[in-house]
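As a basis for the values below, the full set of heavy atoms in this structure was taken, side chains included, without hydrogen atoms, waters or symmetry mates. Residue numbers start from 1 in every chain, and the chains themselves are labelled A, B, ... in the order their sequence lines are given, proteins ahead of strands.
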Amino acid sequence: MSPAQTLPCLDFGRVYRHLLEEYGPQGWWPADSPFEVMIGAVLTQNTAWRNVESAIRNLLQADLLSAEAILATPDDTLADLLRPSGYFNVKARRLKNLCRYISKTGYRETFDIPTGELRQALLGINGIGPETADDILLYAYERPVFVIDAYTRRFFSRLGLVSGNEGYEILRNRFETSLDATAAIYNEYHALIVWHGKEFCRSKPLCEGCTLRTTCGYAKK
DNA sequence: CGCCAGGGCCTCA
DNA sequence: TGAGGCCATGGC
């Protein structure tokens with residue numbers, strides 16, 4: 001733990017270095033394979049990660065960690081395994097939509113698709129929106145895209161770096177142009193934001209003890 | 001008990 | 001293109 005530092009002129013890069021120094025590398029995403037990352041990205045939509053974990057355990061136990069195995073499972077059976085993650089009927093459908101694309105293209109082959117093209121393909125799948133697509137691109141395919149999720153919006157808007165209600169692409173663009181980085185750095189940065197968001201920058205924030213409170217506009221109000 | 005959690009789709013102006 | 005309704009479980 002470093003002593004209280006001040007961040008005289010907040011910018012995306014400075015905040016990153018501060019969080020990294022404070023918390024250390026996170027080594028994300030919490031999964032054992034790229035395919036499991038993709039599953040998790042769909043299941044975590046508007047859902048606590050804890051609940052996603054138990055749904056993934058169910059899939060693992062049922063030996064359903066491949067696109068073909070999932071596609072061969074009846075909808076209601078799959079939905080039942082996904083129950084702990086919530087929205088289980090919707091997610092069963094979305095998971096199969098993703099698996100249809102993976103299986104049709106060939107799992108291995110998808111890793112050779114250029115980022116822009118792959119992103120468009122993912123966004124074309126019903127149930128895969130911008131955040132889920134970018135989770136998959138960054139954490140399963142290791143492409144240099146930054147993920148804008150609820151933690152990211154809340155964090156940077158409280159810091160005063162964005163207003164928070166900008167459109168997804170606006171925020172992503174602003175972020176990626178002001179911090180031109182590698183996939184490894186975007187990976188760490190987003191993971192650090194999520195950790196910080198769970199520990200301190202919750203929807204009901206715990207500003208005392210927050211390493212950024214001296215410069216965060218929200219904590220000082 | 002109510003609130004919240006690593007969204008996205010559909011509908012209707 | 002933007003707001004509102006909807007999907008649903010589990011922890012606190």
Side-chain angles (χ1 to χ4, degrees), chain A residues 15-16 19 23 26-32 34-59 61 75-101 119-143 145-159 162-173 175 183 186-206:
Chain A
V15 171
Y16 170 62
L19 291 180
Y23 300 135
Q26 302 298 296
W28 254 32
W29 172 294
D32 292 328
F35 186 71
E36 195 181 318
V37 171
M38 301 179 199
I39 304 293
V42 172
L43 297 188
T44 199
Q45 290 172 355
N46 201 37
T47 301
W49 181 251
R50 181 197 300 37
N51 293 2
V52 176
E53 283 182 312
S54 74
I56 290 181
R57 269 197 302 275
N58 289 345
L59 293 178
Q61 245 176 339
D75 289 358
D76 54 337
T77 305
L78 182 58
D80 201 53
L81 295 169
L82 299 182
R83 181 173 292 274
S85 74
Y87 308 126
F88 48 85
N89 289 311
V90 175
K91 286 175 178 174
R93 209 164 46 237
R94 292 181 179 178
L95 215 44
K96 280 201 171 184
N97 292 341
L98 173 60
C99 287
R100 253 186 295 278
Y101 168 73
R119 188 166 203 274
Q120 287 316 304
L122 291 170
L123 290 176
I125 299 169
N126 186 293
I128 308 283
E131 303 189 25
T132 307
D134 287 342
D135 275 336
I136 292 173
L137 286 170
L138 178 58
Y139 290 105
Y141 291 101
E142 301 179 10
R143 308 301 171 86
V145 302
F146 196 79
V147 177
I148 308 295
D149 63 3
Y151 286 126
T152 310
R153 284 178 188 277
R154 190 167 68 205
F155 178 60
F156 287 123
S157 84
R158 281 178 178 165
L159 281 177
V162 304
S163 77
N165 54 4
E166 297 93 335
Y168 187 92
E169 292 303 325
I170 303 289
L171 277 181
R172 190 169 73 94
N173 259 304
F175 198 96
Y186 286 148
N187 176 324
E188 269 305 324
Y189 202 164
H190 179 63
L192 286 163
I193 290 170
V194 172
W195 171 257
H196 182 71
K198 284 178 174 170
E199 292 299 305
F200 297 103
C201 207
R202 308 176 176 178
S203 78
K204 254 181 92 68
L206 305 175

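The side chain of A:Ala48 lies closest to B:dA5, out of C:dA8, B:dA5, B:dG8. If you check B:dC9, B:dA5, B:dG7 against the side chain of A:Ser203, the one that comes closest is B:dA5. Relative to the side chain of A:Tyr87, the nucleotides B:dG8, C:dT9, C:dC7 differ in distance, and C:dC7 lies closest.
Using a 4.0 Å heavy-atom criterion, one finds that A:Arg154 contacts the sugar-phosphate atoms exclusively. Nucleic acid contact for A:Ile193: none, since no nucleic acid atom lies under 4.0 Å from a heavy atom of the residue. The residue A:Gly86 sits close to a base: some heavy atom pair falls under 4.0 Å. Among the atoms of the strands shown, only primed sugar atoms or phosphate atoms (P, OP1, OP2) are found under 4.0 Å from some heavy atom of A:Arg50. Residue contacts shown for A:Ser85 are absent, as no nucleic acid heavy atom lies under 4.0 Å away. Counting non-hydrogen atoms under 4.0 angstrom, A:Trp28 reaches a base of the nucleic acid.
Remark: P of C:dG10 and CG of A:Leu43 are 14 Å apart, rounded to the nearest angstrom. The nearest whole Å value for the distance from the CD1 atom in A:Ile136 to the P atom in B:dG8 is 10 Å. Atom CG in A:Leu95 sits roughly 17 Å away from atom C1' in B:dC9 (whole-Å rounding). As a whole-Å value, the separation of A:Lys204 NZ from B:dG2 P is 18 Å. Between the NZ atom of A:Lys198 and the P atom of C:dC12 there is a distance of 13 Å, given to the nearest Å. We find that CG of A:Leu81 is positioned 15 Å from P of C:dT9, with the value rounded to whole Å. Across the protein-nucleic acid pair, A:Arg93 atom CZ and C:dC6 atom P stand 16 Å apart, rounded to whole Å. Rounding to whole angstrom units, CG of residue A:Leu123 and C1' of B:dG8 are separated by 11 Å.
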Bracket string, DNA chain C, 5' to 3' - pairs by Watson-Crick or G-U geometry under 3.5 Å, | interstrand: |||||||.||||

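At C:dG2, none of the side-chain N or O atoms of A:Asn165 fall inside 4.0 Å of OP1 or OP2 (strictly under the cut-off). Contact annotation: A:Thr47 side-chain N/O to C:dA8 OP1/OP2 distance is not under 4.0 Å. Between C:dA8 and A:Asn89, a contact under 4.0 Å exists linking OP1 or OP2 to a side-chain N or O.
The distance from the CG atom of A:Asn126 to the CG atom of A:Leu98 is 11.5 Å, given to the nearest 0.5 Å. In this structure, the separation between CG on A:Asn187 and CD on A:Glu142 is 8.0 Å, given to the nearest 0.5 Å.
Side-chain contact, A:Asn97 with A:Arg100: a donor N or O sits under 3.5 Å from an acceptor N or O. No side-chain N or O of A:Thr132 forms a donor-acceptor pair with one of A:Asp135 less than 3.5 Å apart.
Nucleotides C:dG10 and B:dG8 are separated by 23 Å at their P atoms, to the nearest Å. On the C1' atoms, B:dA5 is 22 Å away from C:dA3, given to the nearest whole Å. Using atom C1' as the reference point in both C:dC7 and B:dC1, the two lie 22 Å apart (nearest Å).
Note on ring orientation: taking the six-membered ring where Trp is involved, the planes of A:Phe146 and A:Phe175 are parallel (angle under 30°, cut-offs 30° and 60°). Taking the six-membered ring where tryptophan is involved, the planes of A:Tyr16 and A:Tyr189 are tilted, since the angle between them lies from 30° to 60°.
No donor-acceptor pair under 3.5 Å is formed between the side chain of A:Glu169 and the backbone N or O of A:Pro130. Between the side chain of A:Arg93 and the backbone N or O of A:Asp75 there is no donor-acceptor pair closer than 3.5 Å.
Heavy-atom nearest nucleotides on DNA chain B were determined for A:Tyr168 and for A:Asn51, and the one closer to the 5' end corresponds to A:Asn51. In this structure, A:Gly129 and A:Arg202 both approach DNA chain B, and ranking their closest nucleotides by distance from the 5' end singles out A:Arg202.
With respect to A:Trp28, the ring-ring contact (aromatic ring centres under 6.0 Å, His included) criterion is satisfied by exactly one of A:Trp195, A:Tyr186, A:Tyr139, A:Trp49: A:Tyr139.
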